[in-house]
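All remarks here apply to the structure that follows.
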Protein chains: 2
Amino acid sequence: MNDRKQHVIKMAKQLFIDKGYQATSIQDILEYSGISKGTFYNYFTSKNELLMAIIKSSISEREKSRDDLLVGQAPSDIETFIKQVEFQLKLNRNTGLLALFEEVMVTNDADLKHYMERNQLNNIRWIHSRFLELFGDKAQPYLYDCAIMFLGILRENIKFNQITNQTNVNISRVVRYSVKRIENIVKDVIESEDQLLSPLQLEKLIPNMNKGNESFHKQLHHLIFTIKNELNQGNNITKQMDLLDFIEEEFLDSKKPRQFLIQSALDSLKSDEQLEINGMFLKLERLLKDYFFEVESEAMKTP
Amino acid sequence: MNDRKQHVIKMAKQLFIDKGYQATSIQDILEYSGISKGTFYNYFTSKNELLMAIIKSSISEREKSRDDLLVGQAPSDIETFIKQVEFQLKLNRNTGLLALFEEVMVTNDADLKHYMERNQLNNIRWIHSRFLELFGDKAQPYLYDCAIMFLGILRENIKFNQITNQTNVNISRVVRYSVKRIENIVKDVIESEDQLLSPLQLEKLIPNMNKGNESFHKQLHHLIFTIKNELNQGNNITKQMDLLDFIEEEFLDSKKPRQFLIQSALDSLKSDEQLEINGMFLKLERLLKDYFFEVESEAMKTP
DNA sequence: TATTAACTTGTACACTCAGTACAATTTTTT
DNA sequence: AAAAAATTGTACTGAGTGTACAAGTTAATA
């Protein structure tokens, strides 16, 4: 990516953290990063897209460093887990990202919302996988519930600690306290065999990080097959058929599907309203978007 | 309050719930409720003020009905507590208020933020007082922590239940599950004597609902005394002194301090920058604002 | 080095929104 | 009936996002 673009991202991130997203105008960004409006809209199609870029890079940076803390450590050591959680929180707090994240969480923009939701699920997935290492298979049926509750306990404890001791929250203390509580809850739910969400339900939603994973191709094939069937009832369909075939083949043949081509094909398809009738096209677009999201965030993690 | 104004509030509430606060324009509100712009700004000084009115009435309505559920029931019966929590959640969910609340929670407006924070603390206070009735004095030193964690567990459980079974979350089941978990946590913290926030720290922040309460007058007196001392080092202070004296007397003498007079006095004081130097004036303004907030929400509860 | 291509700038513009001002009209009170 | 209060409608300011595009600058290339 362009050096200059990177610079704009950095400056804008600072502004968003300092003043908030809404409260930062594009004019502010232009002045602070010393570019012109024309250039800005060369780099980003909107203020929202810039925000997405910032959030994506921040998240993947955080995840990368968090995972690095695990190497050479016993995954079943609770101290390592505490360190990881603490580290992530401190990174967020010091950079003031937490507030920005919270602001973004309630955005009206559908894309952004979807992305943040996925990210939330990703967090849960990570906590869950670590819990599995910490608490063992016996606890497995309950660990999604526990991951969710851990997140809740932690968040709320931090929030109220911030409200009371405005400055200098002892993050470490809060994390340790919260971990102790969740240890007890794990015991509790194992004993009482009390389950709220079944792992299957959640796993359906949680993004699967395996590149080239079978289920993606299956889903894609199924979706395109269905769309084709729908199309058969219309006329003037050769172009659409060709585009759909192309998309499927591009994902089958190539290790690195060319996103710009796929996007262009999608855009062409989008101009045909017939596809929208059953929401088929929306599903397709989302599936592909998710795919590229995975690939991108994987790529960021392995420099 | 005016019938027509009430009608506008009702219509706007519907719009905010349906489309979100940001996404609803004043023009929308004017059209939907059939008034002119002039009238709108006769009723409310800003869109924000309208929002405050909506939120205030929604909250006090919710609190009122929630407290009504308790009469005639044993406060130590956990089933009553479950019913109360369930009831509040259903009220929020059915009316779609929850999303609106979340959007407002991260506003940039300082006033609104402060108000929402106070409301959060109020929630904690209520849960805490109910926990005290449920779990007894032995648990007392830990019940603020537990109230906070209960809120966290409940929120996160509901959120992820909504994400997974989009429609028809079984609120009752989630509440019961969460209550079971917190029961266990209470046992846990009593046993391990593990405290995160001391009740004293929190109680300093939590608004005290007793009208005519001693501590308010003490605080007011202390603050005004301090400001006067500060002022003594300046010149041209007679007017400010008089205003300060007036404020204190108005609260001492009258059962119903005249808010408009106090506000006007505050505004006059605000125009003198000297008071801002030590943040004294800000403190004073906040204290008085809180006072009127208490009075108002008490008044709403007792029809 | 000269030409071309890509990038960048600055500015004018279209559009949306919150909030103000105020004269004209309607409704309510006295 | 007159006065007061409430309401309307409209035009305006100012701030914001995003578009269009001609003119200028920088980098690549032949």
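Salt bridge annotation for B/E156-B/K159: present, with a cationic side-chain nitrogen under 4.0 angstrom from a carboxylate oxygen.
For the pair A/K47 and A/Y21, the cation-pi criterion (under 6.0 Å, within 45° of the ring axis) is fulfilled.
Considering every non-hydrogen atom in both B/I35 and B/R4, the closest pair reads CG2-NH2, 3.7 Å. Nearest heavy-atom pair across A/K5 and A/Y43 is NZ-O, 3.6 Å.
Within a 6.0 Å radius of NZ in B/K19, other residues, nucleotides and ligands contribute more than 12 heavy atoms.
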Nucleic acid footprint by protein, nucleotides 5-21 of chain C - heavy-atom cut-off 4.0 Å, B for base, S for sugar-phosphate alone: ---BBB-------SBB-

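Counting to the nearest Å, the P atom of D/dG9 and the CD atom of B/E31 are 12 Å from each other. Atoms CZ (A/F44) and P (D/dT19) sit 15 Å apart, rounded to a whole Å.
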